[in-house]
K.L.:
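The structure under discussion is supplied below as structure tokens; questions concerning it will follow.
Chain naming here is simple, since letters A, B, ... match the order of the sequence lines and numbering starts at 1 in each. Side-chain atoms are counted along with the backbone in the values below, which use heavy atoms only and exclude waters and symmetry mates. None of these values were measured; they are calculated from a predicted model.
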Amino acid sequence: MTMETTDRLTDGVRTALRAAGLPDVADCIWEVPRQAEHGDYASNVAMTLAKPARRAPRQIADLIVAHFPPLPEVARLEIAGPGFINVFLSPAWTASAVRGILAAGDAYGQGERERGTRLRLEFVSANPTGPLVIVNARAAAIGDSVARLLRAQGARVTAEYYVNDAGNQFEALARSFEARLREAVGLPFTFPENGYPGEYVAELARDYLTGHRLSTPAEVDTHLTSLGADPQAALVRLGRWAVRRIVDGQRRVLAEYGVEFDAWTSEQADVREAGLPERAIDELTKRGVIHEQDGALWFRSTDFGDDKDRVLRKSDGELTYFAVDVAFYHFTKFGAADRVVTLLGPDHHGYVGRIRAAMRALGHPPEALDVLIVQLVTLLRDGTPVRMSKRRGEFVLMEELLEEVGRDAARFTFLTRRHDSPLEFDLAVATRQSTDNPVYYVQYAHARIRSIWKQIAEQGIAVPPWSEVDLTRLSLPEEQQIIKRLLGYPEVVAAAAHALEAHRIAYWLQELAGLFHPYYRAHRVIQDDRALMSARLALCTAVGQVIKNALGLLGVSAPDSMTRSEADA
RNA sequence: GCGCCUGUAGCUCAGUUGGACAGAGCGUCGGACUUCUAAUCCGAGGGUCGCAGGUUCGAUUCCUGCCAGGCGCACCA
């Protein structure tokens, strides 16, 4: 793997600093200036050194430039403004860099910043009480892309889905399910007050009856009493059946979406029945941060930055959800990982403080836990919000979204917003197969490049191996600009992974496509000047490769051709 | 009342962990198809970066206050 250009520039600066007898810097920020006159890279290192070196920024910049070692990629250095060092790359070197991109292929853009990190990434984790809805699709798109980004940086990522198959919500589902079973055959029933009224529970009940060959009230009555020694045990068995079916449905939709999880952790089986909450309480007790009050067991989370102390075991003897979560985070997550990332909905953000407090109390470094809040999605149909009411069981399902807009458009659209920002998802726009829809703009660039190759093959044109192609023919300003863009890609991936922000890739892709399309229209690749053709072909192939790699990080396909459907033709 | 998030072009949003005249897409207006796919391209117009202070050589970015919107503040999950 060749070193990044910016790393080599940083080495150059440090060499110059040593030679000039100036203090060293740990790192050196290289940014790509907005304006071409400011060069290809610019650094403010001279300004940051002004204080420790007790010299004027421009004077330091002069010394750095004077002592900078010759590098093949650097054409010249300039000092500008208050002390910026502007780097101008050599066009010949830039052009030759295309070869490196082509050689790296699918691996281009991967890095080592998270090499060896064991990372546990939890996302979606919808309650197993109903099908996935649109906000889950957003979390799935973001979480899966963050997982891909981190893997591209060498992290060993476990994508985890936590199934809350215990507690009040589980019980409400089980009671709803039982009521629907009785209702289906005409037995008397009372629908639970906090139950799940959605039609899917009734559907599930009908499936259950069919599967168990039950049709008459008498059969159902006998069956229900045969399920367990007491009504509670029977209810639990019914509930488990319903949860299994619902979770299977969630898993299926996620798989269609291209999202696979490595771990499906069950609150009931993997945390509660494994006795982890009790062990967590023991550990906290040993650390002296537990006290009893009013018959309940409290964790003194205020000692660790929380607003108020939190109950772990209620006065009725039951564990709180928090106690279970502390165990889940401490044993299951941190037991198998150095770093933990969780995506949560905005309704849970008040919860983050106490989990952080508990992890600090248990000795986990605060920076090892990241919580990303994924904001809500407002669904629009032709500009007007689609009303959703969970209480009435009315919401837009994730599978309906997939059916209507497709996997690529859905995922890409979710990744055009920062996770922290509320999202308006306009179905009309996401469905439209046109310019409005950035995913097609990017995919089209890839398809156009593949199409050039198709032409090459059809016309029987021979293309020499890249090692024999004279890349210095790539001298147009547009070509230089595109190559420099491609060279910045690994840094964008690294930064996106570090910030846990997949949307940066989506924006970067749109900008790359925005450079490619005008170039493609203005300059022909296939032409009589075969040397120039080969050089341009190398560039286009590199662009296609990087688009494919970047779309891969978003879980979006890179098609060889675009076929517009009749409706929008 | 307390806490978190958000406030950037008509709309939806970026803004590279404090940098050099503030960006994109859509929408509006005007143009370009005998060409490797026009799902494309070219051009024009559009802004007191919510408001007011502060830190800094330098602030859309950091700090404080205020205004507006969203969400959360259980011995619920």
K.L.:
If the cut-off is 4.0 Å, is A:H503 near the phosphate of B:rU12, judged by side-chain N/O to OP1 or OP2?
P.N.:
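Answer is no, no contact under 4.0 Å.
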K.L.:
Relative to the ring of A:F299, is the ring of A:F304 parallel (under 30°), tilted (30 to 60°) or perpendicular (over 60°)?
P.N.:
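The arrangement is parallel - the two ring planes meet at less than 30°.
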K.L.:
Quantified in whole Å, what is the C1' atom distance between nucleotide B:rG31 and nucleotide B:rG45?
P.N.:
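After rounding to an integer number of Å, I get 15 Å for this pair.
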K.L.:
Would you say a side-chain N or O of A:R448 is under 4.0 Å from OP1 or OP2 of B:rA38?
P.N.:
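So the side chain of A:R448 is within the cut-off, an N or O lying under 4.0 Å from OP1 or OP2 of B:rA38.
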K.L.:
Taking the C1' atom in each of B:rU61 and B:rU8, what is the distance between them to the nearest angstrom?
P.N.:
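Nearest-Å result for B:rU61 against B:rU8 at atom C1': 12 Å.
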K.L.:
OP1 or OP2 of B:rG3 less than 4.0 angstrom from a side-chain nitrogen or oxygen of A:Y351, does that happen here?
P.N.:
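No, no such contact exists.
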K.L.:
Determine if A:H38 stacks with B:rA20; use a centre-to-centre distance below 5.5 Å and an interplanar angle below 30° as the criteria.
P.N.:
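The ring of A:H38 is stacked on B:rA20.
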K.L.:
Picking from B:rU12, B:rA77, B:rG3, which would you name as closest to the side chain of A:T320?
P.N.:
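Closest of the options to the side chain of A:T320: B:rA77.
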K.L.:
Tell which nucleotide pairs with B:rU61, taking only Watson-Crick or G-U wobble pairs whose two distances are both under 3.5 angstrom.
P.N.:
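When the pairing criteria are applied, nothing turns out to pair with B:rU61, so the answer is none.
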K.L.:
Kindly assign one of parallel, tilted or perpendicular to the pair A:F322 and A:Y351, based on the angle between their ring planes and the thresholds 30° and 60°.
P.N.:
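Because their plane-to-plane angle is over 60°, the rings of A:F322 and A:Y351 count as perpendicular.
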K.L.:
Let me know the distance between NE2 of A:H523 and P of B:rC36, rounded to the nearest Å.
P.N.:
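So the two atoms are 17 Å apart, to the nearest Å.
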K.L.:
Please give the distance between the C1' atoms of B:rC11 and B:rC2 as a whole number of Å.
P.N.:
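That atom pair is separated by 35 Å.
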K.L.:
When you compare B:rA14 with B:rG46, how far apart are their P atoms, in angstrom units rounded to a whole number?
P.N.:
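Roughly 25 Å separates the two P atoms.
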K.L.:
Is it true that a side-chain atom of A:H349 and a backbone atom of A:P346 form a donor plus acceptor pair closer than 3.5 Å?
P.N.:
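The answer is yes, because a donor-acceptor pair under 3.5 Å joins these two groups.
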K.L.:
Rounding to an integer number of angstrom, what distance separates B:rG47 and B:rA9 when you compare their C1' atoms?
P.N.:
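That atom pair is separated by 6 Å.
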K.L.:
Output the single nucleotide from B:rC13, B:rC36, B:rA77 whose closest atom is nearest the side chain of A:R354.
P.N.:
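Per side-chain heavy atoms of A:R354, the pick is B:rA77.
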K.L.:
Quick check for you: among B:rC36, B:rU40, B:rC5, whose closest atom lies nearest to any side-chain atom of A:D420?
P.N.:
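The closest nucleotide is B:rC5.
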K.L.:
Decide yes or no for A:R536 and A:L532: does some side-chain heavy atom of the first lie under 4.5 Å from some side-chain heavy atom of the second?
P.N.:
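Yes; the side chains approach each other to less than 4.5 Å.
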K.L.:
Quick check on RNA chain B: between A:Q293 and A:A495, whose nearest nucleotide comes earlier from the 5' end?
P.N.:
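Per heavy-atom nearest nucleotide, the more 5' residue is A:A495.
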K.L.:
Looking at every strand, decide which applies to A:A522 at a 4.0 Å heavy-atom threshold: base, sugar-phosphate, or nothing.
P.N.:
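If one applies the 4.0 Å heavy-atom cut-off, A:A522 turns out to touch nothing in the nucleic acid.
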K.L.:
Measure centre to centre between the rings of A:F88 and A:Y41, then say whether the value is under 6.0 Å.
P.N.:
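No, too far apart.
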K.L.:
Give one of base, sugar-phosphate or nothing for A:F170, where a contact means two heavy atoms less than 4.0 Å apart.
P.N.:
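Since no nucleic acid heavy atom lies under 4.0 Å of A:F170, the category is nothing.
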K.L.:
Mind checking the P distance from B:rC63 to B:rG1? Whole angstroms is fine.
P.N.:
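Approximately 23 Å lies between the P atom of B:rC63 and that of B:rG1.
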K.L.:
How long is the span from the CG atom in A:N164 to the OG atom in A:S266, to the nearest 0.5 Å?
P.N.:
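One gets 9.5 Å once the value is rounded to the nearest 0.5 Å.
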K.L.:
For B:rA44 versus B:rC49, give the span between their P atoms, rounded off to a whole number of Å.
P.N.:
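Taking atom P in both B:rA44 and B:rC49, they lie 24 Å apart.
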K.L.:
Mind calculating the distance between CD1 (A:I355) and C1' (B:rG3) to the nearest angstrom?
P.N.:
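Rounding to the nearest Å, CD1 of A:I355 and C1' of B:rG3 are 17 Å apart.
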K.L.:
Assess whether one donor atom and one acceptor atom, taken from the side chain of A:N86 and the base of B:rA20, lie less than 3.5 Å apart.
P.N.:
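Indeed, a donor on one side and an acceptor on the other fall under 3.5 Å apart.
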K.L.:
Go through the N and O atoms of the side chain of A:N44 and the base of B:rG19, and report whether any donor-acceptor pair is under 3.5 Å.
P.N.:
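Side chain to base: pair found, below 3.5 Å.
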K.L.:
Whether A:K308 contacts B:rG72 is assessed here as follows: a side-chain N or O lying under 4.0 Å from the phosphate OP1 or OP2. Is that the case?
P.N.:
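It does not, given that no N or O in the side chain of A:K308 lies less than 4.0 Å from OP1 or OP2 of B:rG72.
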K.L.:
Does the plane of the ring in A:F414 sit parallel, tilted or perpendicular to the ring in A:F425? Use 30° and 60° as the thresholds.
P.N.:
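Ring orientation of A:F414 relative to A:F425: tilted.
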K.L.:
Expressed as a whole number of angstroms, how long is the span from A:I85:CD1 to B:rA20:P?
P.N.:
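Rounded to the whole Å, the gap is 17 Å.
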K.L.:
Under the 5.5 Å and 30° test, is A:F84 stacked on the base of B:rA20?
P.N.:
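Here A:F84 meets both the 5.5 Å and the 30° conditions.
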K.L.:
Can you find an N or O donor on one side and an acceptor on the other, under 3.5 Å apart, linking the side chain of A:S315 with the base of B:rC75?
P.N.:
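Such a pair is found, so the answer is yes.
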K.L.:
If you only use heavy atoms from C-beta on, which nucleotide in B:rG72, B:rC5, B:rC13 is closest to the side chain of A:D347?
P.N.:
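Nearest nucleotide to the side chain: B:rG72.
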K.L.:
State whether A:R418 places a side-chain N or O below 4.0 Å from either non-bridging phosphate oxygen (OP1 or OP2) of B:rC5.
P.N.:
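Checking B:rC5 against A:R418, no side-chain N or O comes under 4.0 Å of OP1 or OP2.
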K.L.:
Has the side chain of A:H348 got a donor or acceptor atom sitting under 3.5 Å from an opposite partner on the base of B:rG72?
P.N.:
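Side chain to base: no pair below 3.5 Å.
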K.L.:
Can you work out whether A:S561 or A:A513 has the more 5'-proximal nearest nucleotide on RNA chain B?
P.N.:
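Closer to the 5' end of RNA chain B: A:S561.
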K.L.:
From the list B:rC41, B:rC75, B:rU12, which nucleotide is the closest neighbour of the side chain of A:R417?
P.N.:
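When the side chain of A:R417 is considered, B:rU12 is the closest of B:rC41, B:rC75, B:rU12.
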